Amino acid sequence: MSEFLAKYSTKKVPIIIENNIVEKSWSILDHSKRYLVITDSNLLKTYDELIYQIPNLITTIALKPGELAKSIEVYQKIITALTKLGVKRNDVIVAFGGGVIGDLVGFVACTYLRGIDFIQIPTTLIAQIDASIGGKCGIDFINKNDIGTFYHPSQVIIDPVLLKSLPKNEFLHGLSELIKYGFIKDASIINDVQRFTLPFKPDVLLSLIERAVKIKIQLTQKDEFDLSIRRLLNFGHTYAHIIERKSKYKISHGEAVAIGMYYELEGTEYQQVLLDLIQKYQLTNQLEKWNISYAADLKTDKKATSTKITMVELEAIGKAKLVDRSIL
Ligand SMILES: NC(=O)c1ccc[n+]([C@@H]2O[C@H](COP(=O)([O-])OP(=O)(O)OC[C@H]3O[C@@H](n4cnc5c(N)ncnc54)[C@H](O)[C@@H]3O)[C@@H](O)[C@H]2O)c1
């Protein structure tokens with residue numbers, strides 16, 4: 001078992017990672033509290049027995065799966081339900097799900113009664129290594145994630161065994177992000193994904209998740225509000241966002257990140273390393289068709305100023321730096 005304590009300006013967040021921890025973890029919940037679970041219907045179908053064992057369960061809200069749950073309408077419905085149920089400031093919401101549930105529930109918890117505790121139990125690879133840590137939460141409005149804030153859970157419980165039921169394509173979306181961590185901060189992740197094949201053995205998967213989580217904690221502790229070094233996590237994402245937009249969001253985020261990293265590594269010796277991994281895990285078969293204009297497309301990025309954009313460049317595998325590039 002790994003236990004980390006992520007220290008942020010507003011909260012210290014215990015993060016536990018262990019195979020089968022979820023079954024045991026209800027015993028580590030504070031049994032004097034009341035809990036309300038927000039999940040999606042796919043997860044409730046698979047994990048209903050487990051969820052209903054949570055102590056002092058007020059109720060379980062199961063949403064329709066998918067990005068559309070991160071909407072004002074669903075947010076409003078949840079706040080209405082919490083009010084009608086009489087959920088109090090000392091009650092706790094459990095976000096049991098992928099990044100969609102985590103982002104939405106974090107925003108609900110932050111804003112309901114000016115903030116109540118919530119626990120993240122991430123169930124996708126993306127949520128376990130990325131979305132559940134660092135406090136970014138929010139909903140989509142005109143664009144993706146354009147209403148949101150930073151609000152940390154009071155605890156994160158990561159159980160890689162929950163990923164057994166995750167569809168393979170969803171696992172592969174997370175694998176692109178895992179490879180991203182390897183390129184920017186930890187060459188041993190790249191070595192392992194080169195060495196092993198799917199399905200990863202439980203100890204291999206656990207160890208990969210632990211290393212990724214450690215990186216996410218380090219970067220978000222140093223730069224809680226995404227103003228400097230945390231931006232290393234954007235590797236592959238500047239192009240990924242353009243590709244997602246050009247595909248009218250038909251391409252998944254994970255696949256777009258794989259393609260984005262490929263473009264951002266153009267002209268470097270590391271592009272071939274990535275290409276080998278893309279082919280090994282079949283992360284995408286759409287590498288070539290994107291006609292990206294450096295100046296025109298990058299200007300639209302949220303992080304770009306009128307003259308420059310900060311990009312991530314590799315000095316070696318496992319070592320990345322931020323560089324300002326002109327977009328004039
Ligand atoms: N806050 C952050 O820092 C951060 C970081 C990355 C991504 N995100 C957000 O995360 C969202 C994407 O999250 P995601 O990729 O986890 O997708 P998701 O939450 O939509 O889950 C994907 C699908 O997998 C199903 N699922 C989840 N866990 C399962 C399991 N264990 N077994 C079976 N099915 C399961 C869900 O029902 C859903 O259909 C996006 O909205 C993105 O903006 C946030």
Side-chain angles (χ1 to χ4, degrees), residues 6 8 13 19 22 38-48 50-51 62-71 74-75 95-110 118 120-141 143-153 156-178 180-181 205 209 212-213 215-217 219-220 223-226 230-237 240-241 244 249 251-258 260 302:
Y8 300 107
V13 184
N19 285 329
V22 161
I38 301 183
T39 186
D40 73 32
S41 54
N42 287 339
L43 285 154
L44 188 64
K45 233 182 276 162
T46 314
Y47 296 105
D48 56 340
L50 188 69
I51 288 171
L63 305 171
K64 209 165 151 197
E67 184 71 23
L68 288 179
K70 276 174 62 174
S71 66
V74 175
Y75 169 78
F96 188 90
V100 163
I101 293 294
D103 278 14
L104 170 70
V105 172
F107 190 61
V108 166
C110 173
F118 83 111
Q120 287 267 23
I121 305 185
T123 62
T124 61
L125 184 56
I126 285 195
Q128 296 199 342
I129 63 176
D130 189 359
S132 63
I133 300 154
K136 280 189 185 175
C137 59
I139 53 177
D140 308 330
F141 186 46
N143 292 304
K144 214 166 124 71
N145 297 323
D146 50 6
I147 299 178
T149 184
F150 289 87
Y151 189 70
H152 297 284
V156 183
I157 299 169
I158 298 175
D159 185 346
V161 173
L162 292 175
L163 303 181
K164 270 193 183 159
S165 55
L166 189 66
K168 186 171 176 201
N169 65 326
E170 295 293 346
F171 186 87
L172 292 180
H173 300 161
L175 194 59
S176 294
E177 297 284 357
L178 189 68
K180 175 197 78 179
Y181 282 110
L205 182 59
I209 290 172
V213 164
I215 297 169
K216 180 89 197 238
I217 294 171
L219 292 175
T220 54
D223 176 22
E224 189 174 349
F225 298 109
D226 206 8
R230 184 172 178 161
R231 293 187 175 175
L232 288 178
L233 296 166
N234 290 336
F235 175 53
H237 285 60
H241 292 149
E244 283 177 285
Y249 294 93
I251 202 162
S252 77
H253 179 65
E255 184 171 353
V257 169
K302 261 196 264 183

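Order of listing sets the numbers, starting from 1, for every ligand and every atom in it. Computed from a predicted model, the values in this text were never measured in an experiment.
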Could you tell me whether F225 atom CZ has more than 12 heavy atoms of other residues or ligands within 6.0 Å of it? yes
Do L163 and I209 have side-chain heavy atoms sitting under 4.5 Å apart? yes
Less than 4.0 Å from some atom of ligand 1, heavy atoms are found in residues D40, N42, L43, P65, E67, K70, G98, G99, V100, D103, T123, T124, I126, D130, A131, K136, K144, N145, L162, S165, L166, P167, E170, K216
Test log, rule side chain to side chain donor-acceptor pair (under 3.5 Å), inputs H237 and E244: CA-CA 10 Å; H237 285 60; E244 283 177 285; over 6 Å; no
Please report the closest heavy-atom contact between K180 and L233, naming both atoms and the distance. NZ-O, 3.0 Å
Exercise: identify the closest heavy-atom pair between L166 and T123: CD1-O, 4.1 Å
Please report the C-alpha distance between Y47 and S165 in whole Å, then the side-chain angles of each, then the deciding distance to 0.1 Å, and finally whether the side chain to side chain donor-acceptor pair (under 3.5 Å) criterion is met. CA-CA 10 Å; Y47 296 105; S165 55; 2.5 Å; yes
